[in-house]
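First the proteins, then the strands, lettered A, B, ... as listed; each starts at 1.
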2 protein chains.
Amino acid sequence: MLSVAYSAEAKHVTAARLAPQPERLEEVFCAVPRESFEAGEGVFWEGDQADHVFKVSEGVLRVFKIIADGRRVITGFLYAGDLVGLSLKDRYLYSAEAVTPVRLRRLARKPFAEALEKWPDLRPQFFARVCDEMATAQDQMVLLSRKSAEERVATFLMLLARRLHGCHPIGRRIHLPMSRLDMADYLGLTIETVSRTITKLVARGVISPEGRHDFAICKPGKLLALCGDGDSYEDTIDREPKMRQAIWPH
Amino acid sequence: MLSVAYSAEAKHVTAARLAPQPERLEEVFCAVPRESFEAGEGVFWEGDQADHVFKVSEGVLRVFKIIADGRRVITGFLYAGDLVGLSLKDRYLYSAEAVTPVRLRRLARKPFAEALEKWPDLRPQFFARVCDEMATAQDQMVLLSRKSAEERVATFLMLLARRLHGCHPIGRRIHLPMSRLDMADYLGLTIETVSRTITKLVARGVISPEGRHDFAICKPGKLLALCGDGDSYEDTIDREPKMRQAIWPH
DNA sequence: AGTCTCTGTTACACACCGTCACACGATTTA
DNA sequence: TAAATCGTGTGACGGTGTGTAACAGAGACT
């Protein structure tokens with residue numbers, strides 16, 4: 001009985017040797033090889049046994065739920081560095097598909113949990129990730145609940161502008177890897193409305209198109225104001241990289 | 001240095017003595033006295049230093065965010081037994097107010113974290129709570145993103161019916177402690193729409209009013225169908241793990 | 001080239017839901 | 001008791017966003 005338990009742990013012990021005491025949560029994923037997915041390919045499906053967690057290393061993923069008559073809700077887009085499948089129990093709550101060609105590392109749940117067990121320093125990082133996920137979900141609820149089409153699109157563009165520029169002020173260029181349908185399903189709108197709204201923003205000189213999937217932000221202040229968050233432009237450019245550190249739990 | 005660390009822990013050690021090795025996460029809250037709040041009173045505010053976690057022991061709480069021009073989004077209602085303030089970092093992400101008179105236990109973050117540290121058996125429970133919160137948030141995103149007014153109201157009624165009845169099939173009676181405005185801000189609608197929708201459900205004999213804040217569910221199957229989740233009545237009464245296959249897209 | 005397919009844009013009628021207005025009952029205040 | 005206030009219900013109306021189109025542009029293929 002003991003020997004069985006021991007051999008079951010052997011694999012992960014090996015992995016641990018390769019990366020002794022990782023400093024950052026991502027390093028736990030270094031031991032496993034990367035997998036590739038083509039654009040449009042599914043990674044896992046809502047309701048599947050949630051056996052793995054993932055770390056995106058290249059490309060963009062969409063996570064979504066489907067209801068009744070085929071209505072789709074995209075609950076998030078995941079970029080390089082993001083972890084997927086953390087905050088769930090035995091089954092995936094959503095499906096995940098590649099938007100662009102994607103490379104990711106897949107780690108079985110058990111060694112992941114054991115790593116958290118073995119290196120307590122990783123737990124605050126893990127918890128911080130989950131909290132960010134929660135905060136993002138709440139912002140999304142605000143968007144879906146009370147924002148107009150224009151505010152939704154503006155918010156989305158700002159989101160991508162910030163993401164592309166790391167945590168820096170605001171990037172001037174945005175790349176939208178996903179289709180208009182993806183955007184629509186993320187923003188709770190239709191493709192037509194998304195299209196129209198973008199056209200309107202372009203007409204007003206807030207952004208300017210550089211191909212279908214790229215835009216330049218001409219008036220960042222204006223765009224920010226259109227988000228309807230009550231933030232002013234100054235609030236965002238001075239915003240020091242606010243290191244919100246999880247205090248909790250150790 | 002060691003002695004300092006030791007004395008800092010002394011208080012919590014005392015608490016631990018009172019309740020040695022709690023089996024359930026809630027028991028961690030037993031050591032602190034209960035506080036009372038009147039209906040409408042605030043418990044904490046978005047942006048406050050998140051120093052405490054709470055356990056509701058009586059009454060109903062609403063948690064909400066406010067944006068720009070005063071628009072309010074209620075992200076959830078919390079009932080007896082629910083924990084508040086788990087999934088956040090240094091500051092509260094939302095405000096909390098009493099809907100009804102509320103009694104709750106307030107526990108400082110530190111002893112709570114220490115309890116999790118000391119009794120690892122509690123950690124899965126903690127994690128499960130956070131996951132439930134996440135799952136709820138995602139269902140809410142689906143509701144706000146893609147459901148019609150009628151589906152939203154129906155979903156809300158079903159939610160309360162299930163909650164009141166524990167996890168049992170479906171309660172036949174629903175009590176709505178909150179105002180129509182609260183419902184509207186939770187469902188992403190206006191009071192008028194909520195009101196009209198309820199009237200319509202009553203007219204069709206799906207539910208029947210028993211005062212302003214109480215309803216009887218006359219046709220549970222019908223109500224469930226109106227939720228737009230694709231579940232049938234039978235699915236919910238003998239809740240088997242439903243295998244959902246995504247058909248979509250590609 | 002030419003054709004096909006896929007994605008994105010634009011137009012127009014319509015539906016749902018929000019806005020505004022007022023009525024009603026219950027409770028509080030004068 | 002009357003008046004005021006609050007929460008709620010209901011009606012008329014209009015706007016935002018939707019659905020169904022047709023159309024345009026880009027890329028893939030023969």
* To do: Report which part of the nucleic acid B:Ser179 touches: base, sugar-phosphate, or nothing (heavy-atom distance under 4.0 Å, all strands).
  =>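 Sugar-phosphate contact only - B:Ser179 comes under 4.0 Å of backbone atoms but never of a base.
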
Distance, rounded to the nearest Å, where [X] contributes [atom1] and [N] contributes [atom2]:
| X | N | atom1 | atom2 | value |
| --- | --- | --- | --- | --- |
| A:Asp214 | D:dA26 | CG | P | 14 Å |
| B:Ile198 | D:dG9 | CD1 | P | 6 Å |
| B:Met183 | D:dG7 | CE | P | 15 Å |
| A:Asp185 | D:dT18 | CG | P | 11 Å |
| B:Leu176 | D:dT8 | CG | C1' | 13 Å |
| B:Arg180 | D:dC6 | CZ | P | 19 Å |
| B:Ile191 | D:dT10 | CD1 | P | 14 Å |

* To do: Mark yes when over 12 heavy atoms from residues, nucleotides or ligands other than A:Gln49 sit less than 6.0 Å from its CD; otherwise mark no.
  => yes

* **Cation-aromatic face contact B:Arg72/B:Phe64, 6.0 Å, 45 degrees** => yes

* Asked: Any side-chain N or O of A:Thr199 less than 4.0 Å from the OP1 or OP2 oxygen of C:dT10?
  -> yes

* Asked: Should A:His213 be listed as having a side-chain N or O under 4.0 Å from OP1 or OP2 of C:dT7?
  ->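 The answer is no; no side-chain N or O of A:His213 sits under 4.0 Å from OP1 or OP2.
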
* To do: Look at the side chain of A:Thr193 and the backbone N and O of A:Leu189, then say whether any donor-acceptor pair between them is shorter than 3.5 Å.
  =>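 Pair absent, no side-chain N/O of A:Thr193 close to backbone of A:Leu189.
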
* To do: Applying side chain to side chain contact (heavy atoms under 4.5 Å, CB included), name anything that partners A:Arg106, two or more places apart in sequence or on another chain.
  => A:Glu35, A:Phe37, A:His52, A:Phe54

* Using the test side chain to side chain contact (heavy atoms under 4.5 Å, CB included), find all partners of B:Val63 that sit at least two apart in sequence or belong to another chain. =>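 In terms of side chain to side chain contact (heavy atoms under 4.5 Å, CB included), with neighbours along the sequence ignored, B:Val63 is linked to B:Thr75, B:Leu78, B:Val84, B:Tyr94, B:Ala96.
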
* Asked: Once each nucleotide of nucleotides 14-27 of chain C is scored for protein heavy atoms under 4.0 Å, what B/S/- sequence comes out, 5' to 3'?
  -> ---SBBB-------

* Asked: Are B:Lys65 and B:Ser95 linked by a side-chain donor-acceptor pair shorter than 3.5 Å?
  -> no

